[in-house]
Amino acid sequence: MIRNRLLHLAQLSAIGLTGYYFGQNKDKLCDVLSGDSVVVDGKRIKSMPGLPVFGTVSAATPYMEMGGKDRVSQIMKYGFPSLDNVRSYDDFVLSYDRRNKVPNWVFEHITKDHIAKNDQVDRSKCDFKPDESIHPFFRSQNTDYKGSGFDRGHMAAAGNHRLTQKHVEQTFFLTNMAPQVGEGFNRHAWNTLEKHVRKLTKVYNNVYCCTGPLYLPRREADGKSYVRYQVIGANTVAVPTHFYKVVVGEAPDGTLDMEAYVMPNQKIPDETPVSSFMVPPETVERAAGLLFFDKVHRSKLNRINGKKV
DNA sequence: TTTAATGT
């Protein structure tokens, strides 16, 4: 009985990566749930128990038809910050916050190839579009942002996904957006931070970037602390007080460097250097309720915010 | 250059 319920749960939650396997070899369920790798058609694949909802891959999609490579486990190599409402797109993965109608986190794996100039890819052809895979109660619409005074700010930056037109188009789903101050923030300081992250691919073979919103408490006139943020549109999309980026660069020798940033969602003077927004990664983890890169082995971690650890 | 909204 319990075994049957487990099986049902696993089939629902492991769509895409392991669903095909379950359909063929139900007796090996325990092996899969234990997190071991499993063998399908003579090939060893890594099982990922408990991974919910892969929106772009149907349960019936055989594992080996996923472009020959498992892009999700490439992107998420160093761990998931959380597991609620996870959605994977062709070149990034996010966790969606249904209450606030913005992501909790967005994860990207960036290399030189992903950001190279590509005449086949045209950002100006892209449209911001609601993500139909989200229940209507929790879905943001373009009308929520219209006239709000806020930009639809990408969490996974469009400029990080230039391999194909489809990749850049998927970054325009509103699931990947949060309301950002345009002038002086999204179009300036935040954009500068995004460009800084892209430049890291000159030094590191692989760059892993986690981006998301924060809602930070503020001391008010009565001396007490409150979390206070605006909501916009009929769907009450939350306007985050701050945004974070936690980035890991993987050097050619396999060592890892980490950087963490928090920026307030407000107009920031042009001359402000990105380094002035560096914070200890732990500060972001505590504020966001997430653990970043928890599969990184301490012995591989070389620097945090430029300092030897 | 990349980031977007707004006005025609």
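Side chains included, hydrogens not; waters and symmetry mates left out as well; all remaining heavy atoms used. Predicted, not measured: the structure shown is a model, and the values here were computed from it. First the proteins, then the strands, lettered A, B, ... as listed; each starts at 1.
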query = Who passes salt bridge (charged side-chain N to carboxylate O under 4.0 Å, His left out) against A:Asp91, sequence neighbours left out?
reply = A:Arg71
key: Members of residues 195-206 of chain A that approach DNA chain B, where some heavy atom sits under 4.0 Å away   = A:Lys195, A:Arg198
remark   = Sorted by chain and residue number, the side-chain contact (heavy atoms from CB on, under 4.5 Å) partners of A:Lys202 (sequence neighbours excluded) come out as A:Lys199
task = Measure from CZ on A:Arg162 to C1' on B:dT3 and round the result to the nearest Å.
result = 12 Å
query = Touch check for A:Asp151, heavy atoms < 4.0 angstrom, all strands: base, sugar-phosphate only, or nothing?
reply = sugar-phosphate
message = Please enumerate all residues that pass side-chain contact (heavy atoms from CB on, under 4.5 Å) together with A:Val203, with sequence neighbours excluded.
response = none
query = salt bridge (charged side-chain N to carboxylate O under 4.0 Å, His left out) with A:Arg99: which residues, sequence neighbours excluded?
reply = none
Atom pairs and distances, side-chain donor-acceptor, residues 265-279 of chain A, under 3.5 Å, sequence neighbours left out:
| unit_1 | atom_1 | unit_2 | atom_2 | d |
| --- | --- | --- | --- | --- |
| A:Asn265 | OD1 | A:Val181 | N | 2.9 |
| A:Asn265 | ND2 | A:Pro179 | O | 3.2 |
| A:Asn265 | ND2 | A:Pro240 | O | 3.0 |
| A:Thr272 | OG1 | A:Pro269 | O | 2.7 |
| A:Ser276 | OG | A:Pro273 | O | 2.7 |

message = Using whole Å, what does the distance between atom C1' of nucleotide B:dT2 and atom CD of A:Glu194 come to?
response = 9 Å
query = Which part of the nucleic acid, if any, lies within reach of A:His188 when heavy atoms closer than 4.0 Å are counted: base, sugar-phosphate only, or nothing?
reply = nothing
request  = Round to a whole Å and report the spacing from CZ of A:Phe185 to P of B:dT2.
outcome  = 19 Å
request  = Answer with yes or no whether A:Asn186 presents, from its side chain, a donor or acceptor under 3.5 Å of a partner atom in the base of B:dT3.
outcome  = no
message = Could you tell me how far apart A:Met263 (CE) and B:dT3 (C1') are, to the nearest whole angstrom?
response = 13 Å
request  = Describe the nucleic acid contact of A:Gly159 in one word from base, sugar-phosphate, nothing, applying a heavy-atom distance below 4.0 Å.
outcome  = sugar-phosphate
query = Who pairs with A:Asp97 by salt bridge (charged side-chain N to carboxylate O under 4.0 Å, His left out), at least two apart in sequence or on another chain?
reply = none
task = Using heavy atoms to find the nearest nucleotide of DNA chain B for A:Phe128 and A:Ile115 separately, return the residue whose nucleotide is more 5′.
result = A:Ile115
remark   = By salt bridge (charged side-chain N to carboxylate O under 4.0 Å, His left out), A:Lys117 pairs with (sequence neighbours left out) A:Asp119
query = Is a side-chain N or O of A:Ser95 found less than 3.5 angstrom from the main chain of A:Asp84, in a donor-acceptor match?
reply = yes
query = Base, sugar-phosphate, or nothing: which does A:Glu183 touch, judged by heavy atoms less than 4.0 Å apart?
reply = nothing
remark   = In whole angstroms, the gap separating P of B:dT2 from CG of A:Asn160 amounts to 11 Å
remark   = Rounded to whole Å, CG of A:Asn191 lies from C1' of B:dA5 at a distance of 15 Å
message = Could you check whether any side-chain N or O of A:Lys300 sits under 3.5 Å from a backbone N or O of A:Gly254, counting only pairs where one atom can act as donor and the other as acceptor?
response = no
Atom pairs, protein N/O to nucleotides 6-8 of chain B N/O, distance under 3.5 Å:
none

